[in-house]
K.L.:
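Dumping the structure here so I can ask a few things about it.
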Amino acid sequence: MSHWTWDYNTDDSAHITGGLPPGVVAEVERIATELAALGRDAEAVGRPTGRTGGLREFDVLGGRGFINFLAVPRRECVYICGGITWYE
């Protein structure tokens with residue numbers, strides 16, 4: 001079991017989640033929890049494929065949107081970065 005956690009990459013989570021329906025926010029947070037459970041393996045999830053680390057992109061809601069995240073091993077944390085893109 002991973003000891004990793006997740007967080008938004010800003011103290012103001014409304015900056016990232018503002019204007020999104022509660023169901024979308026809940027799905028993003030569920031995926032963030034799953035990414036944190038992967039621990040260091042989260043560095044290879046999503047795009048770009050073929051390399052690990054750096055800013056990653058992961059589809060949400062069956063491809064109707066995506067999140068950007070950064071897995072930081074030294075902090076044992078997955079950070080949800082920037083805006084969450086969601087298509088109605």
K.L.:
The criterion is salt bridge (Lys or Arg N to Asp or Glu O under 4.0 Å); which residues satisfy it with Arg40, sequence neighbours excluded?
P.N.:
Glu43
K.L.:
Below 4.5 Å, heavy atoms only, C-beta onward: do Tyr8 and Thr17 meet side chain to side chain?
P.N.:
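When only atoms from C-beta onward are counted, Thr17 and Tyr8 do touch, with a gap below 4.5 Å.
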K.L.:
Kindly state each residue pair satisfying side-chain hydrogen bond (donor to acceptor under 3.5 Å, both in side chains) with at least one member in residues 67-76, sequence neighbours excluded.
P.N.:
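Those involving residues 67-76 do not exist here.
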K.L.:
Ignoring hydrogens, what is the shortest heavy-atom contact between Arg51 and Pro48? Give both atom names and the distance.
P.N.:
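Closest approach of Arg51 to Pro48: NH2-CG, 3.3 Å.
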K.L.:
Could you state whether Ile80 and Val72 fall into the same hydrophobic cluster, counting links through intermediate Ile, Leu, Val, Met, Phe, Trp or Tyr residues with side-chain heavy atoms under 4.5 angstrom apart?
P.N.:
no
K.L.:
Please list, chain by chain and in numerical order, all residues satisfying salt bridge (Lys or Arg N to Asp or Glu O under 4.0 Å) with Glu29, sequence neighbours excluded.
P.N.:
none
K.L.:
Which atoms form the tightest heavy-atom contact between Leu55 and Leu70, and what is the distance?
P.N.:
N-CD1, 3.7 Å
K.L.:
Can you give me the closest heavy-atom contact between Trp4 and Ala71, atom names plus distance?
P.N.:
CZ3-CB, 3.9 Å
K.L.:
Please round to the nearest 0.5 Å and tell me the distance separating atom CG of Leu35 and atom CG of Asp41.
P.N.:
11.0 Å
K.L.:
For residues Asn9 and Cys81, report the shortest heavy-atom separation together with the two atoms involved.
P.N.:
ND2-SG, 3.8 Å
K.L.:
Would you check if Trp86 and Val60 make a side-chain contact, meaning some heavy-atom pair closer than 4.5 Å?
P.N.:
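In short, these two side chains do not touch, never coming nearer than 4.5 Å.
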K.L.:
I need the Tyr79 OH to Asp7 CG distance, nearest 0.5 Å.
P.N.:
6.5 Å
K.L.:
Checking the side chain of Arg56 only, and the main-chain atoms of Val45 only, is there a donor and an acceptor separated by less than 3.5 Å?
P.N.:
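Yes; judged by distance alone, with no hydrogens or angles, the pair exists.
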K.L.:
Once you measure the plane-to-plane angle for Phe58 and Phe69, does it fall in the parallel (<30°), tilted (30-60°) or perpendicular (>60°) bin?
P.N.:
perpendicular
K.L.:
Would you sort out whether Asp59 and Arg64 count as a salt bridge (charged side-chain N to carboxylate O under 4.0 Å, His left out), showing the intermediate values?
P.N.:
CA-CA 7 Å; Asp59 289 340; Arg64 291 185 4 219; over 6 Å; no
K.L.:
Same cluster for Ile31 and Phe66 if Ile/Leu/Val/Met/Phe/Trp/Tyr side chains link at under 4.5 Å?
P.N.:
no
